[in-house]
Amino acid sequence: MMQHAADRPVALVRMPSGLDGQRFFQRHAGKGFPDAIGTVRLTEASGREADYITLPDAAALLGAGQMGTLEVHIHGARNDRLDRPDRLVFDLDPDEGLAFEEVKRAAREMGDLMRRLGLSCAPMVTGGKGVHVVVPLRRVAGWETLRGFAQAVAQGFERRAPDRYTATMSKARREGRVFIDWLRNDTAATAISPYSLRARLMAPVASRSNGRSWIGSIARTGSTWRPRRRGWMQPAPLLEASKGAPGLSERTLDALEDWLEESA
DNA sequence: GTCCCAC
DNA sequence: GTGGGACAACGCCCA
DNA sequence: TGGGCG
């Protein structure tokens, strides 16, 4: 998990009093935090500066757990270049009651497009009903570019198959469709970290809808902890995709233009 | 977990 | 001094 | 401007 979550601003979902207690989302570092947990100064949209939480190493993650942390949500940029995101996320969020098969189909189509645009990517089940398609990026473009790219892709999907996709968050537009949430790609936005638990009963990592338990999720990652059964070990798809990942270049944006024109 | 106020 | 309650986000889109 | 959303 730390290969994904270390050295970037994070937000925590904490339930320090257990399942029956309150639950809160915390992005600013607070007093009484363990020494192992670090802070990183971030300028918010309002212009205000605030100290955000960051986890330098496994000890910090352990410290977070000690404070009742269930979920870790990560920013799209690392501490050493907060203005140059190294990942982009499409959150594929199905309407209530939509078959998981539809989400998988959406993820496949998104993967196809990313490959066509020369980008690499990997799918991730979120532990809820959705799938994140994560696109690791060389840090050549800023947030503005990223956001515009994500929006264009989501709207392109909607235009191509308006009966199956929507790029609009509103409940009404989502009926029977997969909402492609492109809004996770902003300076202050976060997305659930790979391998984070979820603050739900049984603390899943992966949803039941694809039949994979959280133990199975760990096995899938290439973690140093390995289950006995052979054949489960595979390289973490996202880490594989990150190796030599390209950035959002002029060429990528041109390819996107072509795709958009096709569907116009 | 910590701070702060009321008692 | 101590018991107890409050507190621990942000920013977007769209109506 | 406020509500919904994640």
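Each chain gets a letter, A, B and so on, in the order its sequence line appears, and its residues count up from 1.
- Distances from the side chain of K31(A) to the nucleotides dC3(B), dA8(C), dC13(C) place dC3(B) closest.
- The list of ring-ring contact (aromatic ring centres under 6.0 Å, His included) pairs with a residue in residues 139-164 of chain A, not counting sequence neighbours, reads F157(A)-Y165(A), F157(A)-W259(A).
- Of the P atoms belonging to dG6(D) and dC7(C), the separation is 25 Å, rounded to the nearest Å.
- Taking atom CD on Q66(A) and atom C1' on dT2(B), their separation rounds to 15 Å, with Å as the unit.
- Judged by distance alone, with hydrogens and angles left aside, the side-chain atoms of R160(A) form no donor-acceptor pair with the main-chain N or O of E262(A) at under 3.5 Å.
- The separation between N185(A) atom CG and dC13(C) atom C1' is 15 Å, rounded to whole Å.
- Residue contacts shown for R147(A) are limited to sugar-phosphate atoms, with no base heavy atom under 4.0 Å away.
- Put simply, the side chain of H4(A) never gets that close to the backbone of S193(A): no donor and acceptor are under 3.5 Å apart.
- Evaluation of the ring-ring contact (aromatic ring centres under 6.0 Å, His included) test over residues 8-27 of chain A, restricted to residues two or more places apart or in two chains, returns F25(A)-H73(A).
- The interatomic distance linking D35(A) (CG) with dG1(B) (C1') rounds to 14 Å, in whole Å.
- When heavy atoms are screened at a 4.0 angstrom cut-off, T187(A) is found touching no nucleic acid atom at all.
- At least one side-chain heavy atom of L12(A) sits less than 4.5 Å from a side-chain heavy atom of M67(A).
- When the P atom of dA9(C) is taken as reference, atom OH of Y52(A) falls 9 Å away, rounded to whole Å.
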Please write out the pairs of protein N or O atoms and N or O atoms of nucleotides 2-6 of chain D separated by less than 3.5 Å, giving the distance to one decimal.
unit_1 : atom_1 : unit_2  : atom_2 : d
dG6(D) : OP1    : D93(A)  : OD2    : 3.2
dG6(D) : OP1    : R174(A) : NH1    : 3.4
dG6(D) : OP1    : R174(A) : NH2    : 2.9

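- One atom, CG of D51(A), and another, C1' of dA9(C), lie 15 Å apart when rounded to the nearest Å.
- Counting non-hydrogen atoms under 4.0 angstrom, E44(A) reaches the backbone sugars and phosphates but no base.
- The side-chain hydrogen bond (donor to acceptor under 3.5 Å, both in side chains) test with D86(A) singles out one residue from R78(A), R81(A), R139(A), and that residue is R78(A).
- Comparing atom distances between the T168(A) side chain and each of dC14(C), dC12(C), dC7(C) picks out dC14(C) as nearest.
- One interatomic measurement links the two molecules: NE2 of H73(A) to C1' of dG11(C), which rounds to 16 Å at whole-angstrom precision.
- The gap from the P atom of dC5(B) to that of dA8(C) amounts to 16 Å, rounded to the nearest Å.
- Nucleotides dG1(B) and dG11(C) have their C1' atoms positioned 28 Å apart, rounded to a whole Å.
- Summarising the geometry, the separation between CZ on F25(A) and C1' on dA9(C) is reported as 7 Å, rounded to the nearest angstrom.
- Between D93(A) and T126(A) there is no side-chain heavy-atom pair separated by less than 4.5 Å.
- The separation between Q155(A) atom CD and dC13(C) atom C1' is 11 Å, rounded to whole Å.
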